[in-house]
Number of protein chains: 4
Amino acid sequence: MSGSVFGKNFVISTWGESHGKSVGVCVDGCPAGLEISEDDIQSMLDRRKPGQSEFTTKRNESDRVKILSGVFEGRTTGTPIAMLVENTDQHSKDYSELKNVFRPGHADFTFEKKYGIRDYRGGGRSSGRETIGRVAAGAVAVKLLKKLGISVFAYAKEIGGICISEENFDLEEARKNALCMPDPQAAEKCMKLLRSIKNDGDSAGGIIECRINGLMPGIGEPVFDKLDARLAGAVMSIGAVKGFEIGAGFEAARMRGSECNDGFLSEDGVTRASAINSGGTLGGMSDGGEIVFRAAVKPTPSVSVQQKTLDINGEEKELVIKGRHDPIIVPRAVVVVEAMAALTVTDLIIQGLGARIDNIKRVME
Amino acid sequence: MSGSVFGKNFVISTWGESHGKSVGVCVDGCPAGLEISEDDIQSMLDRRKPGQSEFTTKRNESDRVKILSGVFEGRTTGTPIAMLVENTDQHSKDYSELKNVFRPGHADFTFEKKYGIRDYRGGGRSSGRETIGRVAAGAVAVKLLKKLGISVFAYAKEIGGICISEENFDLEEARKNALCMPDPQAAEKCMKLLRSIKNDGDSAGGIIECRINGLMPGIGEPVFDKLDARLAGAVMSIGAVKGFEIGAGFEAARMRGSECNDGFLSEDGVTRASAINSGGTLGGMSDGGEIVFRAAVKPTPSVSVQQKTLDINGEEKELVIKGRHDPIIVPRAVVVVEAMAALTVTDLIIQGLGARIDNIKRVME
Amino acid sequence: MSGSVFGKNFVISTWGESHGKSVGVCVDGCPAGLEISEDDIQSMLDRRKPGQSEFTTKRNESDRVKILSGVFEGRTTGTPIAMLVENTDQHSKDYSELKNVFRPGHADFTFEKKYGIRDYRGGGRSSGRETIGRVAAGAVAVKLLKKLGISVFAYAKEIGGICISEENFDLEEARKNALCMPDPQAAEKCMKLLRSIKNDGDSAGGIIECRINGLMPGIGEPVFDKLDARLAGAVMSIGAVKGFEIGAGFEAARMRGSECNDGFLSEDGVTRASAINSGGTLGGMSDGGEIVFRAAVKPTPSVSVQQKTLDINGEEKELVIKGRHDPIIVPRAVVVVEAMAALTVTDLIIQGLGARIDNIKRVME
Amino acid sequence: MSGSVFGKNFVISTWGESHGKSVGVCVDGCPAGLEISEDDIQSMLDRRKPGQSEFTTKRNESDRVKILSGVFEGRTTGTPIAMLVENTDQHSKDYSELKNVFRPGHADFTFEKKYGIRDYRGGGRSSGRETIGRVAAGAVAVKLLKKLGISVFAYAKEIGGICISEENFDLEEARKNALCMPDPQAAEKCMKLLRSIKNDGDSAGGIIECRINGLMPGIGEPVFDKLDARLAGAVMSIGAVKGFEIGAGFEAARMRGSECNDGFLSEDGVTRASAINSGGTLGGMSDGGEIVFRAAVKPTPSVSVQQKTLDINGEEKELVIKGRHDPIIVPRAVVVVEAMAALTVTDLIIQGLGARIDNIKRVME
């Protein structure tokens, strides 16, 4: 199994290569009765679209999504929702140069080793276009969560080593600037840095932070399907992500227990965790506080500087990767992180519906 | 589903509470023909046993494992392997004090919210004893991987903020000292620190590093079942783990692409990645290099210092947790990390057997 | 994977061989708050126990079940419920005769071919004792369904070619006579026949019918997880079952559409299907009527008459199977059919909880 | 989950409604290196196409399949294969009459009850067009099995009560006549009968038989994933199938053990079961003999004769279904049975690759 199926009850199957006919996704298990339109999907897809700033590739894709099934008179029917985006910019570029050589930091080598055959045009299945299916499905999940009062919001916390500052923090700013940074001054500094990096033919990485609000306590399952474990697996499955942490994360390893333990709050008769260091989970279940996690994104492996590598016969090659590529993928990955978070939370909410016999009775009545 | 089932083809189901009759695991999907004995399991279980040093609880458990099925004349038969450890130290201690109060940093609150009922004795299902099933199953996976020439080795890299040094690094040392640190001097310093922390009634956390060697390229699946994603999900499902990173991890976010990209090596006609920053995966598949990942472990939440919390009615309480608890769980968690890594890799190896039609033909002949 | 895991949300894992230490099951996903005791499990297990009549083997097993986890103060906690029955009658009988020979109608040959090793003592994993795990888990499902107003009731409809008659039909009788037949006269005839068959050293088969009442409409999923499809898969997984049909079943193939189509009824404002020929499903979902299905059980393959077979080297052998074996397994399989039906329906009820966004809201409130 | 995902390792997700934009399927887990073309898929799809004889609907669909992904230079790459067929005949017919009424024998009622919303145009998701995804995926499985020397062949054994005879049996004939019957004389009789039934505005059912040859012994898993259990679940998931039996099936229930037990054969040093009554499985695993199973298909529920039913408010209605509908769906279902059988066998072959540690070593080398 090529591992393109995600989720246990809200199940998505994605498909498609960079230079195939189309990329898409099929969502099985979306509850009936949710209002959804192509515009809902499109607005989220547009946030990962190339060609939106000087820091993203110029690939000329309109990336218009079509809903093929599962929606009737504007609402979901409970049957599978298939969505498709055509690849319109499969231009005649010659990829034969990359047919027999392994680009450093890319998946060329491992695809070759695993399957003995690969679509080498534009990265094939390991292209960033693979995330279109994730985001389209994620848009459905986001809409569903919204109906339940739950929001998911991600942004770039750090790019090329430059981090946002607490005092300048402005969440709305993250949807305004080209870098998705909730701090206009940090964004400004990063843009300067990125222009310089781009000039060098090099690339940068960064850290994405994501916050989930409104989540009721008890979501996530105690042992292997912990909310944090499933979020980690989901987010680490995004290409280029090399690390995941929740709450205090790696800093927690340096704290004392008395310092790391969060307390509980009671407001209007509702108890929840203060969730400062926990990041919103206790024992793998949501604790009623805000979920906060971070993902480390490595620099784009496609750089124009000359690199040493090997070809398919084990011969050394000097490689210069030509053509379009982003000096930074963090801003475009922000919406992918949101999508994966929304998909994970939705799946776990549905997985938990049967946690109590009283809940089952309530639905059956 | 309480999420106590792990894996797709090498599937384990764990069960058991701290103060129930027993804890155990059922392994479905272990290939036939593997030599395995209770001693193989026991030797790995002994590494997580309490009462082995001044830094672990005094709980008096012999934790003897029994294999109940699936092994015949010393070899696996391909049928489910059930393994069980009895809880012998369920002494008469009175837990009623914890019945209605939520310990900070523990899962009491979230279990209550999710299920409306919980076994509050010793943490119930969220007790560290839950990991016995993981380690017993992991021991089977470790034995299987060994037959394929693959080794999994974890150790404490950092405890209470004190990190091992490169120059003192001695892997065998990690199996000798009480802290599982591959650096005798760092271990010495940490022990001093831990004694002081223990005296204060407090606790510490740390970082566990794990290395997998001998893994052939191409293990892991391209999209959602990436090797690193599945490792992250597996390791983050261990209680108290708050972060996961592979290779350069969070440091990768601060590198340039030209710096982060690893090259390839060709030795004796075999190509592999140099895997310095990748941590041994490219595009989610093993790249032939050493797999290196790290897990951040928070300090034990059970501390003796007085803490503020709430009870089940939302009333404020002053809480002092009595009785045995580890000032550090990192050394005991090392073998759990190994177990989860071995289970993940084994599952993905089996998942990948059908990657090529030629492989299927080879097995069918 | 040896296929010992069943279900998607109410997941059971069974283990154990005829002559291993024990047989058992782990149930993951049972909702919290269900009252359950070892007596609830035992009373269902007792119905499949050997040695209860002249028509079952004399194997002297008390088959006492122990609940090892997941139940606290008499109620389920939502965590895995492990249950175990020890094999106490593994007497010293010499099975070496069967080590190298393939019994006709048994799984000796296929186990050997698949795994290259098998526990040949008493059939190993393919023994009827494998069903203990199914029945123990099924007892939990039956209790859960009862709370929701749903009952599952199976009986022998036909044995050795002798069928019950409509006019003598008496459901309570099915729990009284040794053959589980709801018709005392048919049962009497069958007993005479079976005594004669037993004298000949031969065996008989039969047909089990199962009725599910109280099931709300809409249970089962439209395409691959149809209620009838999942029931068929579950019931056909019981050893010796060679056929499954629902409602009019194979007779439906000979009807006209106008004759086969059931109508709908409206009583007290509630609409349901009349379900005469449908057997209670339309489009794979329960239609509000009674579910009625049947399973064909082949005669016990263990017969004392001399049979021709081959040994492991392909040499012809004359085989006479000695020792205890049932001339009919239908009466003992009745409770196994109930168990599999209850497990299937429970799993599908939980799977369907998220079918409507309104249901999710109702649980979340 | 709407249950539109099938398989564990060779996983298919289907989507689409009768009057939506398209129907399709995504296949995840197809091994790399298989030669496949749109023609391979099309030729199997053409066998279920409407409008091919006087006994199938006149729906004017060309049903041209497009492969969207996963195939590169004529061979599978191991990544998901998405396939799509557009719905071109969604003519302007007014379906509003069926909006509020439940057709007897159809899924209108149960969809309404489960989801509270349904696409009532042409049956929506419960339309026969749902099987296009199954057949397209099945065509990939058939091609893969062929490479392994395994064939799957189904035909109509009985229609409207008229059964083929042993003496006239001619397998090739089944691909020639409009009814897919391997007996020209029986086919002739059936056609006469069907014309008369069609004139009456009524419909007929039948029995489909399927044979699988070339399957190595040991395919299928011992307990819940038995080959026969999985085939039963797969075939019973096809709309209108009400019964499944393998080998002697329901007749086995009336045999004596000495009669029902098959023997073993040894030819050229290869042992296999004679598989007369077993239908090719022992203990749920293939026994080296021919697999033979049957499916009972109910008569098409769409009949033109006047029927009584209820509407959405529980009011009685007289219903006359207008428009195109098949008097028999058996001939078109034959290829669907083949598809489901091929998908099941392929999935179980891959699931069994890890049955022995020696097999894993062989692949890893």
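Everything numeric in this text was worked out from a predicted model, so none of it was measured. So you know, we letter chains A, B, ... as the sequences are listed, proteins then strands, and number each from 1.
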Choice from B:Lys66, B:Glu73, B:Arg75 maximising heavy atom contacts with chain C below 4.5 Å: B:Arg75
Mutual orientation of the aromatic rings belonging to C:Trp15 and B:Trp15 [parallel < 30°, tilted 30-60°, perpendicular > 60°]: parallel
4.5 Å side-chain heavy-atom contact, C:Asp28 and B:Ser4: yes
Closest heavy-atom pair and its distance - C:Arg121, B:Phe72: NE-CE1, 3.4 Å
Structural part of C:Ile67 lying under 4.5 Å from a heavy atom of chain B: backbone
Side-chain donor or acceptor of B:Glu17 paired with backbone N/O of C:Ser69 under 3.5 Å: no
Spacing of CG belonging to C:Leu68 relative to OG belonging to B:Ser22, to within rounding of 0.5 Å: 4.0 Å
SG-CD1 distance between B:Cys26 and C:Ile12, expressed to the nearest 0.5 angstrom: 10.5 Å
Which atoms of C:Arg125 approach chain B - backbone, side chain, both or neither, heavy atom under 4.5 Å: side chain
Pairwise distance OG1(B:Thr79) to CD(C:Glu130) - rounded to 0.5 angstrom: 11.0 Å
More than 12 heavy atoms from other groups under 6.0 Å of NZ on B:Lys361: yes
Option in B:Asp119, B:Thr14, B:Val71 with maximal non-hydrogen atom pairs under 4.5 Å from chain C: B:Asp119
Selection from C:Gly24, C:Gly116, C:Ala82 maximising heavy-atom pairs under 4.5 Å formed with chain B: C:Ala82
